[in-house]
Amino acid sequence: MVWPDDKVHIMNEDYLRYSDLNLAEAKEIQNELREKISLKPNTKPIQTIAGADISLNRFSEIIFAGIVILRYSDLQPIAYSMVESKTSFPYIPGFLAFREVPALVQALKQIPVQPDVFMIDGHGIAHPRRMGIAAHFGALTGTVTMGCAKNILFGKWQEPGIQKGDYSLIINKEETIGYAFRSKFKTNPVFISPGNGMSLADSLDIAIRCAGNYRLPEPTRRAHEFVNLFRTGKLKEGYHELSPQLLF
DNA sequence: GCGACAG
DNA sequence: ATCTTGTCGC
């Protein structure tokens, strides 16, 4: 696991914390972490892909983080990791990672065998400083990541065709930073961008492969589903593998 | 100065 | 993000 170097990141025991940071300091961290990301094509073959998401009760300081691991061949969930944590940063557009990444890192640490790719709810490099939550998480942990957001944050884009699989580019000054991807027929697109350890083309290829019968690609959809079950007390905290017999 | 603004 | 019923469209 790759940890950031200086005092701007406060670590107690095994907990990463972002607290009492002003936005100027947060930007500094993003600029430092940005140098650690790679957007070169992923080489390792993908056997498993994880979806990562956060859930919380309104007005609550408690956040629930979940990572669900799916078999890449059939996109069936095979394991999940759930963690209950506390908020240490408010939600500010452009700084989502400071609010959600600490809890996701805790969930990551509970997983014995790391997934090959992580699809995270939010943007990758489709961000003002190219450091959306997926890029941030990837740079911090050395994992291969991509972002899948339900809404645009930064960049210009055109409505893609209405067919499942249609896509258009998210652009910022001549530079392509992601895609508006139609994951389902006649449904609003999702916004795809690489985070770390993969290329723009890789992120699009993976999004296409993970598109099922819902707007959200399977990894993100399952993560959202599972973490909500966890928040409402229907799943237990910790790492759990799913019984093969219950899967079909 | 004004509008936009992931979850 | 979350709280929620109906409702419109395929």
Side-chain angles (χ1 to χ4, degrees), chain A residues 18 23 26-27 29-30 33-34 37 51-68 82-107 118-140 145-157 161-164 170-173 177-196 203 207 213-217 219-234:
Chain A
Y18 292 124
L23 296 191
K27 282 184 183 177
I29 294 176
Q30 292 180 325
L33 279 177
R34 187 175 55 239
I37 74 173
D53 191 24
I54 292 293
S55 178
L56 45 77
N57 288 309
R58 205 147 69 140
F59 308 132
S60 172
E61 297 290 306
I62 304 299
I63 64 175
F64 300 83
I67 294 177
V68 177
M82 298 290 145
V83 159
E84 182 178 332
S85 187
K86 201 166 303 178
T87 291
S88 65
F89 204 89
Y91 167 67
I92 301 172
F95 300 89
L96 176 65
F98 294 90
R99 179 177 176 77
E100 302 191 348
V101 158
L104 287 180
V105 170
Q106 290 183 58
F118 288 81
M119 181 183 284
I120 300 174
D121 196 337
H123 293 282
I125 63 169
H127 176 281
R129 291 168 294 284
R130 306 297 183 272
M131 283 301 293
I133 186 170
H136 190 123
F137 180 87
L140 194 63
T145 64
M146 61 183 281
C148 175
K150 294 177 289 299
N151 295 93
I152 192 72
L153 168 68
F154 179 75
K156 298 299 179 186
W157 61 285
I162 64 173
Q163 296 298 324
K164 176 179 182 179
I170 299 176
I171 295 174
N172 173 237
K173 305 179 187 296
I177 55 178
Y179 306 91
F181 174 64
R182 195 77 67 188
S183 47
K184 180 181 178 181
F185 181 59
K186 276 187 174 179
T187 298
N188 288 159
V190 289
F191 301 89
I192 301 296
S193 60
N196 180 51
S203 69
N213 301 313
Y214 300 85
R215 178 160 86 120
L216 294 185
T220 302
R221 185 179 77 82
R222 289 300 199 174
H224 190 265
E225 175 189 9
F226 279 51
V227 77
N228 271 314
L229 288 173
F230 172 50
R231 177 173 60 84
T232 53
K234 293 155 192 160

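These figures come from a predicted structure and were not determined experimentally. So you know, we letter chains A, B, ... as the sequences are listed, proteins then strands, and number each from 1.
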- Item | Under 3.5 Å donor-acceptor, A/Arg215 side chain and A/Pro189 backbone | yes
- Query: Just by modelled atom types, is the A/His123 backbone N or O under 3.5 Å from a matching donor or acceptor in the A/Ser193 side chain?
  - Reply: no
- Message: Measuring to OP1 and OP2 of C/dA1, would you say a side-chain N or O of A/Asn228 lies under 4.0 angstrom away?
- Response: no
- Between atom CG in A/Asn151 and atom C1' in B/dC5, what is the gap in whole Å? 10 Å
- Would you tell me if any nitrogen or oxygen in the side chain of A/Ser60 comes within less than 4.0 Å of OP1 or OP2 on C/dT2? no
- Task: Using atom CH2 of A/Trp157 as one end and atom P of B/dC5 as the other, report the distance to the nearest whole Å.
- Result: 10 Å
- Query: When you match A/Glu100 and A/Phe185 each to their closest nucleotide on DNA chain C, which lands nearer the 5' end?
  - Reply: A/Glu100
- Message: Looking at B/dG7 and A/Tyr91: do their rings stack (centroid distance under 5.5 Å, interplanar angle under 30°)?
- Response: yes
- Item | Minimum-distance nucleotide (side-chain atoms of A/Arg58 versus C/dA1, C/dT2, B/dC5) | C/dT2
- Task: Kindly say whether the aromatic ring centers of A/Tyr18 and A/Phe89 come within a distance under 6.0 Å.
- Result: no
- Which residue lies toward the 5' end of DNA chain C, A/His224 or A/Lys186, if each is placed at its nearest nucleotide? A/His224
- Between A/Phe191 (CZ) and B/dG7 (C1'), how many Å, whole number? 14 Å
- Length of the line joining A/Leu216:CG and B/dA6:P, which is rounded to integer Å: 16 Å
- Task: Please report, rounded to the nearest Å, how far the P atom of B/dA6 is from the CD1 atom of A/Ile170.
- Result: 13 Å
- According to the side-chain hydrogen bond (donor to acceptor under 3.5 Å, both in side chains) rule, which pairs have a member within residues 221-233 of chain A, sequence neighbours left out? A/Ser55-A/Asn228, A/Ser55-A/Arg231, A/Asn57-A/Arg231, A/Glu218-A/Arg221, A/Arg222-A/Glu225, A/His224-A/Asn228, A/Asn228-A/Arg231
- Task: May I ask you to evaluate whether A/Arg129 reaches the phosphate of B/dA6, defined as a side-chain N or O under 4.0 Å from OP1 or OP2?
- Result: no
- Item | Closest listed nucleotide, where the reference is the side chain of A/Arg231 and the choices are C/dT2, B/dC5, C/dA1 | C/dT2
- Query: Rounding to a whole Å, what distance do you find between A/Ile152:CD1 and B/dG7:C1'?
  - Reply: 14 Å
- Note on the structure: Atom CZ of A/Phe95 and atom C1' of B/dC5 are separated, to the nearest Å, by 11 Å
- Message: Quick check: A/Trp157 with A/Phe191 (ring centres under 6.0 Å apart)?
- Response: yes
- A/Asn188 CG to C/dC10 P, straight-line distance once rounded to whole Å: 15 Å
- Distance below 4.0 Å between A/Lys150 side-chain N/O and B/dG7 OP1 or OP2: yes
- Message: So if I take every side-chain heavy atom of A/Leu56 and compare against B/dC5, C/dC3, C/dA1, which nucleotide ends up nearest?
- Response: C/dA1
- Query: Would you say B/dG7 has OP1 or OP2 under 4.0 Å from some side-chain N or O of A/His123?
  - Reply: no
